[in-house]
**Student:** 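Pasting a structure here, questions to come.
First the proteins, then the strands, lettered A, B, ... as listed; each starts at 1.
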There are 2 protein chains.
Amino acid sequence: MHFEAPLLLSSGASIRAYDLSYETYGQLNAERSNAVLVCHALNASHHVAGVYQDAQGQTIARSEGWWDTLIGPGKPLDTNRFFVIGVNNLGSCFGSTGPMHRSPETGEIYGADFPVVTVEDWVQAQARLLDRLGIDQLAAVMGGSLGGMQALSWTLQYPERVRHAVVVASAPNLTAENIAFNEVARRAIVTDPDFHGGHFYRHGVLPKRGLRIARMIGHITYLSDDVMNEKFGRQLRDAALAVRDYKYSTQDIEFQIESYLRHQGDKFAEYFDANTYLLITRALDYFDPARAHGGDLARAFAMARARFLLVSFTTDWRFSPARSRELVKALLDNQRDVSYAEINAPHGHDAFLLDDPRYLGVVRSYFERVTL
Amino acid sequence: MHFEAPLLLSSGASIRAYDLSYETYGQLNAERSNAVLVCHALNASHHVAGVYQDAQGQTIARSEGWWDTLIGPGKPLDTNRFFVIGVNNLGSCFGSTGPMHRSPETGEIYGADFPVVTVEDWVQAQARLLDRLGIDQLAAVMGGSLGGMQALSWTLQYPERVRHAVVVASAPNLTAENIAFNEVARRAIVTDPDFHGGHFYRHGVLPKRGLRIARMIGHITYLSDDVMNEKFGRQLRDAALAVRDYKYSTQDIEFQIESYLRHQGDKFAEYFDANTYLLITRALDYFDPARAHGGDLARAFAMARARFLLVSFTTDWRFSPARSRELVKALLDNQRDVSYAEINAPHGHDAFLLDDPRYLGVVRSYFERVTL
């Protein structure tokens with residue numbers, strides 16, 4: 001969807017004209033009352049569910065949407081009943097206008113000149129998309145992690161346009177440790193000599209070293225210590241080759257966890273844009289709805305009107321259950337209707353993308369009571 | 001101390017001739033029964049206690065030994081009673097032979113050709129130093145973190161030469177998550193274009209970008225989430241300048257935690273050797289005394305004869321109390337004499353270097369019952 005009207009951003013800058021990529025699943029009902037907006041996290045896109053087909057009608061392997069476990073016909077968020085919208089955020093590298101595109105003002109590729117965008121800016125852009133789709137009010141807005149922050153922000157920026165908010169593995173803001181991990185990842189990218197101040201496109205190079213490091217750090221924080229020990233432990237890479245000794249090398253891969261992380265880093269560096277990584281981690285850092293209220297989260301949520309489902313996972317140390325409980329408390333302080341599930345899952349932050357039956361069951365039950 | 005006899009290493013390689021830097025504090029008694037060896041962790045040296053003076057006899061600012069809170073006259077490890085030895089490990093960049101020195105075989109600076117050293121190799125080298133100092137048996141061996149691993153290894157490699165082992169904030173091996181953090185740090189260094197395969201000395205450059213990233217990652221893991229929130233929280237860097245808005249920048253410093261981490265990274269990159277960083281983190285990865293016993297830690301410690309004090313800190317997520325408890329269990333399974341203190345401290349792994357009075361009190365009480 002193309003938008004000609006400029007979007008004024010939190011920073012004071014504006015984007016003059018832009019495109020948003022989106023996908024929809026199911027049918028909007030006659031009353032236009034069954035729309036659910038799904039917001040994405042760091043590394044995802046508008047492709048939330050289903051698979052793609054090639055020109056011959058064959059399913060493309062590994063093209064499942066990132067929340068395909070949760071969304072589809074007969075699934076917890078049932079597209080036989082709901083009209084689901086996935087939208088790619090501004091600044092992304094998966095279709096919507098971002099640093100890899102040309103500025104309509106200068107004709108140059110934005111690169112590092114793409115304006116800093118916030119969760120609030122994304123929500124504003126999403127609201128404009130809904131305007132164009134003729135949807136006044138969402139049955140629900142839903143997201144995990146950074147996507148959950150957008151769902152929270154919807155209930156504050158457009159309280160009358162959201163009946164329900166489903167917020168999974170999220171937080172009212174980042175802790176100092178969260179910001180610290182983001183900052184190290186950003187420094188790895190920015191100090192890569194191939195970054196060229198964010199204008200690497202002009203030089204025909206990509207700051208892949210930095211992106212690899214950023215992704216490796218990310219993956220450590222997505223998993224729990226427990227699940228890492230279970231999946232990898234201290235297994236050597238060549239453990240299958242029977243008992244053998246260490247290689248005694250500082251640079252070769254010795255342990256399976258090293259092989260896993262390097263592989264994840266290499267894959268990511270092939271497809272993810274470095275400037276997008278900076279923008280999205282900064283949007284995470286900046287999100288803090290209590291800030292305008294002297295740090296009082298209850299006051300921040302005084303304007304919310306939606307009903308809420310919050311879900312957290314016990315081993316998620318990136319967005320821990322304690323952070324979700326802060327949100328529950330702030331909502332209860334405002335007599336909001338809140339359901340909260342703390343799922344005992346070993347998978348850390350990644351759990352929100354996995355198919356734990358208790359987690360899926362909670363989401364299913366919640367959507368069953370969402371009236372249209 | 002110079003050593004001419006080659007040291008055969010765990011890897012099968014050997015170091016032909018080498019120097020070890022060491023310091024001593026207090027007096028060796030006539031029976032030679034009051035020696036305590038103190039082993040250092042990643043970023044430390046033989047300078048464990050006291051301060052240095054300049055040529056005019058003036059105390060040099062910030063020259064305190066890294067365990068000066070714990071070691072000295074009248075301190076928990078009382079140098080009026082004990083003869084304390086601090087030794088810098090092979091491969092370090094603080095005096096003992098390491099990658100920055102010339103190989104006696106090739107005449108070239110070792111760089112990446114310095115052999116991979118293990119905790120066991122360090123202990124072997126330390127034992128040779130004690131031989132030269134005429135010390136047959138230690139009253140105690142003591143260390144924190146990686147230093148604690150050396151103390152553990154002493155009780156297995158030279159069971160008759162150690163009466164007591166004091167093991168603080170340590171572990172029987174690294175978890176997958178620990179290895180993962182080490183690996184990311186190493187990749188940041190190795191992929192820095194200024195690393196030149198570890199032979200950067202020849203090129204007149206230093207891989208400072210990589211070292212900075214490595215140190216930033218390290219600092220995140222040394223602190224607890226709680227103490228980071230308390231020290232930095234979401235404070236903006238210019239918070240002192242009264243209420244102000246975000247800068248909206250992905251590259252400028254916005255939060256105090258960013259400023260702290262960049263400062264730590266910059267400082268470290270000025271003085272620490274990149275090859276040493278690789279070697280020391282790899283020694284951490286490799287340490288695993290249960291490995292030769294099919295993973296059975298109790299069997300590994302069957303040969304230990306020392307008495308043990310283990311100390312852990314509740315918020316240490318790098319070497320958590322659970323890891324110390326594994327050691328306690330393995331020692332009790334062997335009817336060893338073990339004291340264990342789990343200190344409720346907010347400071348994370350860093351707590352082992354700080355002056356928590358309960359921690360210092362435990363160490364003091366323990367050393368008071370060490371007979372000479």
**Student:** Need one label for A:Arg187: side chain, backbone, both or neither, based on atoms under 4.5 Å from any heavy atom in chain B.
**Tutor:**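 Contact with chain B involves both backbone and side-chain atoms of A:Arg187.
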**Student:** Kindly write out the residues that satisfy side chain to side chain contact (heavy atoms under 4.5 Å, CB included) with B:Glu120, not counting sequence neighbours, or none if the list is empty.
**Tutor:**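 Testing B:Glu120 for side chain to side chain contact (heavy atoms under 4.5 Å, CB included), a comparison that skips the adjacent residues, returns B:Ser10, B:Thr118, B:Ser153, B:Gln157, B:Phe287.
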**Student:** Could you measure the distance from the OG1 atom of A:Thr191 to the NZ atom of B:Lys208? Nearest 0.5 Å is fine.
**Tutor:**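 Taking OG1 in A:Thr191 and NZ in B:Lys208, the distance rounds to 13.5 Å.
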**Student:** In terms of heavy-atom proximity below 4.5 Å to chain B, should A:Phe114 be classed as side chain, backbone, both, or neither?
**Tutor:**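 Contact with chain B involves no heavy atom of A:Phe114 at all.
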**Student:** If you tally heavy-atom pairs under 4.5 Å against chain A, which of B:Val117, B:Leu278, B:Asp192 wins?
**Tutor:**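 Between B:Val117, B:Leu278, B:Asp192, the count favours B:Leu278.
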**Student:** For A:Leu174, is it the side chain, the backbone, both or neither that has a heavy atom under 4.5 Å from a heavy atom of chain B?
**Tutor:**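 It is both, since atoms from each part get that close.
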**Student:** Of the backbone (N, CA, C, O) and the side chain (C-beta and beyond), which part of A:Leu261 lies under 4.5 Å from a heavy atom of chain B, both, or neither?
**Tutor:**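 For A:Leu261, the side chain is the part near chain B, not the backbone.
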**Student:** Looking only at heavy atoms, which two atoms of B:Gln251 and A:Gly197 are closest? And how far apart?
**Tutor:**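 Here B:Gln251 and A:Gly197 meet closest at NE2-O, 4.3 Å.
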**Student:** For chain B, which candidate among A:Leu9, A:Asn275, A:Ile217, A:Leu223 shows the most heavy-atom pairs at distances under 4.5 Å?
**Tutor:**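 Max contact count across the listed options: A:Ile217.
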**Student:** Under a 4.5 Å cut-off applied to non-hydrogen side-chain atoms, are A:Arg209 and B:Pro193 in contact?
**Tutor:**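 A:Arg209 vs B:Pro193: side chains touch.
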**Student:** Can a cation-pi geometry be assigned to B:Arg291 and A:Tyr246, taking NZ or CZ under 6.0 Å from the six-membered ring centre and within 45° of the ring axis?
**Tutor:**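 Yes, a cation-pi geometry holds between B:Arg291 and A:Tyr246.
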**Student:** Under a 4.5 Å cutoff for heavy-atom pairs, which residue among A:Ala13, A:Ala185, A:Ala176, A:Ser320 has the most contacts with chain B?
**Tutor:**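 Sorted descending by pairs with chain B, the first entry is A:Ala176.
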**Student:** Which one wins on heavy-atom pair count under 4.5 Å against chain A: B:Met216, B:Arg212, B:His219?
**Tutor:**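 It is B:Met216.
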**Student:** Any salt bridge (charged side-chain N to carboxylate O under 4.0 Å, His left out) involving residues 215-234 of chain B? Give me the pairs, sequence neighbours left out, ordered by first then second residue.
**Tutor:**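 Checked against salt bridge (charged side-chain N to carboxylate O under 4.0 Å, His left out) - neighbours excluded - the pairs reaching residues 215-234 of chain B are A:Asp288-B:Arg234.
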**Student:** Would you call B:Ser249 and A:Arg282 a side-chain contact if the rule is heavy atoms closer than 4.5 Å?
**Tutor:**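 Counting from C-beta outward, B:Ser249 and A:Arg282 never come under 4.5 Å.
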**Student:** Looking only at non-hydrogen atoms, find the nearest pair between A:Ser224 and B:Glu177 and report the distance.
**Tutor:**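 Shortest heavy-atom contact: C-OE2, 4.5 Å.
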**Student:** Can you tell me which portion of A:Asn182 sits under 4.5 Å from chain B's heavy atoms? Options are side chain, backbone, both or neither.
**Tutor:**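 Contact with chain B: none, neither part.
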**Student:** With a 4.5 Å heavy-atom cut-off, do A:Glu258 and B:Asp285 have their side chains touching?
**Tutor:**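 The answer is yes; the side chains approach within 4.5 Å.
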**Student:** Parallel, tilted or perpendicular: which fits the ring planes of A:Phe181 and B:Phe181, with parallel below 30° and perpendicular above 60°?
**Tutor:**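 Aromatic pair A:Phe181/B:Phe181 classed parallel.
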**Student:** Work out which heavy atom in B:Ile257 is nearest to a heavy atom in A:Ala180; give both atom names and the distance.
**Tutor:**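 Here B:Ile257 and A:Ala180 meet closest at CG1-CB, 3.9 Å.
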**Student:** Check whether any side-chain heavy atom of A:Tyr286 lies under 4.5 Å from a side-chain heavy atom of B:Glu254, and answer yes or no.
**Tutor:**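 Counting from C-beta outward, A:Tyr286 and B:Glu254 do come under 4.5 Å.
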**Student:** So what's closer than 4.5 Å to chain B heavy atoms on A:Val184: side chain, backbone, both or neither?
**Tutor:**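 A:Val184 touches chain B through backbone and side-chain heavy atoms alike.
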**Student:** In terms of heavy-atom proximity below 4.5 Å to chain B, should A:Arg262 be classed as side chain, backbone, both, or neither?
**Tutor:**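 Answer is side chain: those atoms of A:Arg262 sit under 4.5 Å from chain B.
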**Student:** Tell me which of these, B:Tyr260, B:Trp317, B:Phe232, has more heavy-atom pairs under 4.5 Å with chain A than the rest.
**Tutor:**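 So the answer, after comparing B:Tyr260, B:Trp317, B:Phe232, is B:Trp317.
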